[in-house]
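None of these values were measured; they are calculated from a predicted model.
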2 protein chains.
Amino acid sequence: MSSIRARDREETKQLLIDAVGAVIEADGFGSVGVNKVAKAAGVDKALIYRYFGGFAQLLQAYGDQTDFWWTVEDILGDDLPDALPNAGGDNLAAWLSLIFERHVEFLRNHPVTLEIIAWEMSERNELTIALEYVREQRSLDLMKQLLARFGQTDRLDMVHFGPVMALLGAAGNYLAARGRHVQNFNGLDLKSDRGWQQLFHAVETMLLGLVQEKS
Amino acid sequence: MSSIRARDREETKQLLIDAVGAVIEADGFGSVGVNKVAKAAGVDKALIYRYFGGFAQLLQAYGDQTDFWWTVEDILGDDLPDALPNAGGDNLAAWLSLIFERHVEFLRNHPVTLEIIAWEMSERNELTIALEYVREQRSLDLMKQLLARFGQTDRLDMVHFGPVMALLGAAGNYLAARGRHVQNFNGLDLKSDRGWQQLFHAVETMLLGLVQEKS
DNA sequence: TTGACTAGTCACCGTATGGAGACTTATAAG
DNA sequence: CTTATAAGTCTCCATACGGTGACTAGTCAA
């Protein structure tokens, strides 16, 4: 029981920062607060104010230390688009399908990110605005890279490229976040890999059809 | 200033019930509580306990009085599927596209429903479970009706029907809820009708392609 | 050994919450 | 006119929140 930690400011700061993530993952973003975080860190809440200046700055520090969102490299992998010669014509559709899959897998492996997505639906403040700005930029980055490779040559009607990305991103976010607590959505099983495979398959088929539709 | 309402139990109950909706619409579901609702109703909060037994029952009464979700008739309109002779073959794709559009329009015209959708992302209790049960049933109802008309004749691969419905429903919910407070998502403008038209158009094209993809 | 510095503790404040009991007052029956 | 019932008001309570100031106690240099 002699949990007498040595007095160490930096270690205590890190304990607090880590506690933020732990509380979010355990109880969601909505119930994160100065009392709960301090208790989770095993530290007095007064230190939050002394070391960080306030709870908002602690959250800020947590955000700065954590990557909540994929980078373009995460999504495109080592096989950058130009590694695949742009021959087939439906390459972009295949890529979009793969991107959707990786997007969803990223979310399913990052519970804190799912909490943030859920939280952003009901709350809007400096922190959520900053986080959603990062995501929007990453998404636009990804789209720009895809357009640079496929924009002139692919048969997909580029008028639909943006809306389709939005549709897939929105559906992925919603279903992944919902799958945290709910089993089914519109008959789809969000808690089984099989349900997600069905979704991936349907998306792939739709995208291939979209390409061939190009007038 | 003599706002001396006559003493009327039923009227007061209704005032409270209506205040629930008003508070939700104004401040969101997360900040709904006994104090705020009573103040909005211009009534003492003790009456909530006397007339309803508790705040949960007041919410229950509000839920029973309000239709948060479309019915199959709302979505299919008077033109039931069998009113259109099943000639073209891509009728189902056209219907799905129309359904998506009506789904989104319903949401955009029902702010309280959007608040509930957002709220369900972070909270899960008896009330949210009851509400999402209703929606799931309505969605399955809709799908069953569509399958009954098109299941045997349409060229759409029925393996993909369920997942596609889930994808469209999820994207509609997410984008509509997000559009309450945020302007853009993946470059799509959620606050202008033009942005939504782009989305509808892209969805229509995708669905048509899906039909023609049937192997 | 002493004294300064600072990491960590503790008690407290103001506010808002959900909730209950005691009270006042309007109304309608006898 | 009297009186019981019920509508509506008021005060209070326990709890939890974010936040602050005073205090205790290790640590390290002189």
Measure CG/B/Leu15 against P/D/dG8 and give the value in whole Å, please. 9 Å

Of all the nucleotides listed (D/dG21, D/dG18, C/dG19), which has the minimum atom distance to the side chain of B/Tyr49? C/dG19

Just how far, in rounded Å, is C1' of D/dG19 from CD of A/Gln57? 13 Å

Using atom OH of A/Tyr51 as one end and atom C1' of C/dG8 as the other, report the distance to the nearest whole Å. 7 Å

Mind listing the closest non-hydrogen atom pair of B/Asn184 and B/Asp189 along with its distance? OD1-CA, 3.6 Å

Whichever of A/Arg50 and A/Val34 has its nearest DNA chain D nucleotide further upstream toward 5': A/Val34

Between B/Gln60 and B/Glu126, is any side-chain donor less than 3.5 angstrom from a side-chain acceptor? no

Shortest non-hydrogen contact between A/Ser122 and B/Ala118, atoms and distance: OG-O, 3.7 Å

Nearest whole angstrom, please: distance from the C1' of D/dA7 to the CD1 of B/Ile48. 15 Å

Any side-chain N or O of B/Thr12 less than 4.0 Å from the OP1 or OP2 oxygen of D/dA7? no

First of A/Asp44 and B/Gly54 reached from the 5' end of DNA chain C, by closest nucleotide: A/Asp44

Could you tell me the separation between the CG atom of B/Leu59 and the P atom of C/dG18, rounded to a whole number of Å? 11 Å

Euclidean distance, atom CG of residue A/Leu47 to atom C1' of D/dG18 [Å, nearest integer]: 15 Å

Hydrogens and angles aside, do A/Asp18 and A/Gln14 bring a side-chain donor and acceptor to less than 3.5 Å of each other? yes

Give me the ring orientation class for B/Phe106 and B/His110: parallel if the planes are under 30° apart, tilted from 30 to 60°, perpendicular past 60°. parallel

DNA chain C nearest-nucleotide lookup for B/Gly53 and B/Arg7: closer to the 5′ end is B/Gly53

Rounded distance (Å) that lies between atom P of D/dG8 and atom CG of B/Asp8: 7 Å

Of B/Ala46 and A/Asn35, whose nearest nucleotide on DNA chain D comes first from the 5' end? B/Ala46

Please report, rounded to the nearest Å, how far the P atom of C/dG18 is from the NZ atom of B/Lys36. 10 Å

